[in-house]
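These numbers come from the heavy atoms of this one structure, side chains and all, not from hydrogens, waters or symmetry mates. Note that the structure is a prediction, hence the values are computed from the model and not measured. Quick note on labels: first sequence line is chain A, next is B, and so on, each numbered from 1.
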Protein chains: 2
Amino acid sequence: MNEQNKSPVRDRIILQCTEIFLQSGFSKISMDEIAVSLGMSKKTIYKYFSNKEELVKTVMETFWNESLSQIDSVMKEDGVDSLLRLIKFLELAGDRASKIHKTYMEDLIKYFPDYWRGFDERRRSMLKTVVGKIMSDGKKEGVIRNEVDEDFFILVFQSVIASIANPEVMAKIPYSLHQVFKNIVEILFMGVLTKEGREKYRGKYLT
Amino acid sequence: MNEQNKSPVRDRIILQCTEIFLQSGFSKISMDEIAVSLGMSKKTIYKYFSNKEELVKTVMETFWNESLSQIDSVMKEDGVDSLLRLIKFLELAGDRASKIHKTYMEDLIKYFPDYWRGFDERRRSMLKTVVGKIMSDGKKEGVIRNEVDEDFFILVFQSVIASIANPEVMAKIPYSLHQVFKNIVEILFMGVLTKEGREKYRGKYLT
DNA sequence: AACTAAATAAACTAAATTAGTTTCCTTTGT
DNA sequence: ACAAAGGAAACTAATTTAGTTTATTTAGTT
């Protein structure tokens, strides 16, 4: 059971299931349907994943690890000031989040609540680490006001992502995620920037 | 069983199910889920509909009848030349079609193939009647070339709607249905219009 | 051409879900 | 107090599903 941990077939299964699960969740998708959509038999799937739960969690972990490595490269990128980094991170996080349909999260919460809680905690702490780092840099650079409360900013940040960067809302808005975030960033930033930061922002990133 | 044929409750059920079914089909949606989403018990639903099949078909019929009456008012509207009428009809048909998700049609084809065939036939004949009427008017008015084959035009018309005016495609296009149809209409019309019609079109409906 | 490894198709079983019914209980208006 | 109507939930028979097994097909190797 679950012999290999790396193989092109296994990767194909994960890739296809990521697409299916993000779109439609997993509770309403049968293993037969997955097999048919992959053009393979269930036997092959069960060779790489011992049960549906393992498949679902692997898909989620893979998606999360991809996100992490994307975030990592944004954080390591140099020649980027903290303001641009914050924008890049916001867009990245938003882009990822906008792919996850409501049904998928509902399924996770319903069927694997413990796993979900752990996942949610990881996400929360990542956000705190990343945004915290960017903000303290921004304060040092003098583009973010010293009085700005980091936790509060993260909270606002988080709720914006949760309420707007999901497919259900995006489908109703006639703007691209990029456009939406440009506007949000503009609104959000005006409150946290120093005079200097505000000028920098207007000059470099706006429109 | 299925006592009333008109009641606000019955209408609410149809309205809600239309939304659910168009979005997600009906095979993956249980009667329990429908009841919960309506905030009522299954008992009430089964008071108005003797089984799921009847509910599904009623929803489809209602949607179809609404479409018909909208089309009817476009056809009866006066002070409208045949060119504008064709545009209006195309937009209407496209708008309706763009709400029907693939899963819904797949479910209909799979579970009620006879009903689907009948429905498809009705749709086809409606299209022939309506577009036929508009085109013969257009020819009389001298805005559509006499050589244009009606059946061929309907065929193109139909395949455009089928391939573009569905939610799956629309979600990937960063334009509104209105914009998409404006462009299609422009491309499509240039081939069927007389010199006179082309001038009229450019002057009145473009951009 | 025979052999082997691996995958598919399809049948199968036990567990879970679902359509449709029924029972009991609460609400609402009379 | 009463009756009608609907909600919550239990229930059953039928269907669907996860996971397994068996037989058949395919592709590569010798």
Side-chain angles (χ1 to χ4, degrees), chain A residues 1-18 20-21 23-60 103-104 106-115, chain B residues 1-18 20-21 23-60 103-104 106-115:
Chain A
M1 42 217 75
N2 147 28
E3 300 175 21
Q4 288 109 312
N5 239 23
K6 278 207 176 188
S7 97
V9 177
R10 199 183 120 103
D11 289 347
R12 245 190 78 226
I13 297 171
I14 292 172
L15 193 71
Q16 172 76 353
C17 284
T18 304
I20 296 174
F21 292 167
Q23 255 285 323
S24 319
F26 52 85
S27 72
K28 298 273 184 181
I29 304 291
S30 71
M31 294 300 278
D32 281 274
E33 286 173 310
I34 292 168
V36 168
S37 86
L38 277 158
M40 61 175 62
S41 81
K42 282 198 288 179
K43 200 180 192 177
T44 312
I45 297 176
Y46 278 104
K47 188 182 163 192
Y48 296 99
F49 304 94
S50 54
N51 51 45
K52 197 178 181 180
E53 180 171 341
E54 192 184 304
L55 175 60
V56 167
K57 289 182 179 173
T58 305
V59 165
M60 197 62 190
T103 32
Y104 187 33
E106 283 168 349
D107 277 353
L108 281 172
I109 292 165
K110 183 173 177 188
Y111 294 96
F112 311 123
D114 292 346
Y115 176 76
Chain B
M1 40 215 78
N2 149 27
E3 300 175 22
Q4 288 109 311
N5 240 21
K6 279 207 175 187
S7 97
V9 177
R10 199 183 121 102
D11 290 346
R12 246 190 76 226
I13 297 172
I14 293 172
L15 193 71
Q16 172 76 353
C17 285
T18 304
I20 295 174
F21 292 167
Q23 255 285 322
S24 319
F26 52 85
S27 73
K28 297 274 184 182
I29 304 291
S30 70
M31 294 300 278
D32 281 274
E33 286 172 312
I34 293 168
V36 168
S37 86
L38 277 159
M40 61 176 62
S41 82
K42 283 197 287 179
K43 200 182 193 177
T44 312
I45 298 175
Y46 278 103
K47 187 181 161 192
Y48 296 99
F49 303 94
S50 53
N51 51 44
K52 196 179 181 179
E53 180 171 341
E54 192 184 305
L55 175 59
V56 167
K57 289 181 177 172
T58 306
V59 165
M60 196 62 189
T103 33
Y104 187 35
E106 284 168 349
D107 277 353
L108 280 172
I109 292 165
K110 182 172 178 188
Y111 294 96
F112 311 122
D114 292 345
Y115 176 76

_Quick check: on DNA chain C, is the nucleotide nearest A:K28 upstream (toward 5') of the one nearest A:G39, or the reverse? Name the residue that is more 5'._
A:G39
*Gap between atoms OH and C1', on A:Y48 and C:dA7 respectively (whole Å)*: 10 Å
*Taking a pair as Watson-Crick or G-U wobble with both distances under 3.5 Å, which nucleotide is matched to D:dT29?*
C:dA2
_Please report the distance, rounded to the nearest Å, between CE in B:M40 and P in C:dT28._
16 Å
_From CZ of A:F49 over to P of D:dG19, roughly how many Å is that when rounded to an integer?_
13 Å
*In whole Å, what is the span from the CD atom of B:E53 to the P atom of C:dA19?*
13 Å
*Would a distance-only check, ignoring hydrogens and angles, find a side-chain to backbone donor-acceptor pair under 3.5 Å from A:S24 to A:F21?*
no
_Here's a test of your reading of the structure: between A:E33 and B:S41, which maps to the more 5' nucleotide of DNA chain D?_
B:S41
*Roughly, in whole Å, what's the span from OH in B:Y46 to P in D:dA8?*
17 Å
*Is it possible for you to check whether A:K52 lies under 6.0 Å from the centre of the six-membered ring of A:F26, through NZ or CZ, and within 45° of that ring's axis?*
no
*Would you indicate what B:I45 reaches in the nucleic acid, counting non-hydrogen atoms under 4.0 angstrom: base, sugar-phosphate, or nothing?*
nothing
*Output the single nucleotide from C:dA7, C:dA19, D:dA8 whose closest atom is nearest the side chain of A:K43.*
C:dA7
*Grab the CE-P distance between B:M31 and D:dA8 for me, whole Å please.*
16 Å
*Which residue, B:K42 or A:K52, contacts DNA chain D at a nucleotide closer to its 5' end, judged by nearest heavy atom?*
B:K42
*Roughly how far, to the nearest 0.5 Å, is CD1 of B:I34 from CZ of B:F49?*
10.0 Å
_When both hydrogen-bonding distances must be under 3.5 Å and the geometry is Watson-Crick or G-U wobble, what is D:dG7 paired with, if anything?_
C:dC24
*asked:* Quick check for you: among C:dA7, D:dG7, C:dT18, whose closest atom lies nearest to any side-chain atom of B:T44?
replied: D:dG7
*Within the side chain of B:Q16, is there an N or O that forms a donor-acceptor pair under 3.5 Å with the backbone of B:I13?*
no
*Measure from the side-chain heavy atoms of B:N51 and tell me the nearest of D:dG7, C:dG20, C:dA19.*
C:dG20
*Mind checking A:L55 for me? I need base, sugar-phosphate or nothing, with any heavy atom below 4.0 Å counting as a touch.*
nothing
_I need the single residue from B:I29, B:V59, B:L15 that forms a side chain to side chain contact (heavy atoms under 4.5 Å, CB included) with B:I20. Which is it?_
B:I29
*Length of the line joining A:I13:CD1 and C:dT8:P, which is rounded to integer Å*: 9 Å
_Protein-nucleotide distance (B:I29, atom CD1; D:dT16, atom P), rounded to Å_ = 16 Å
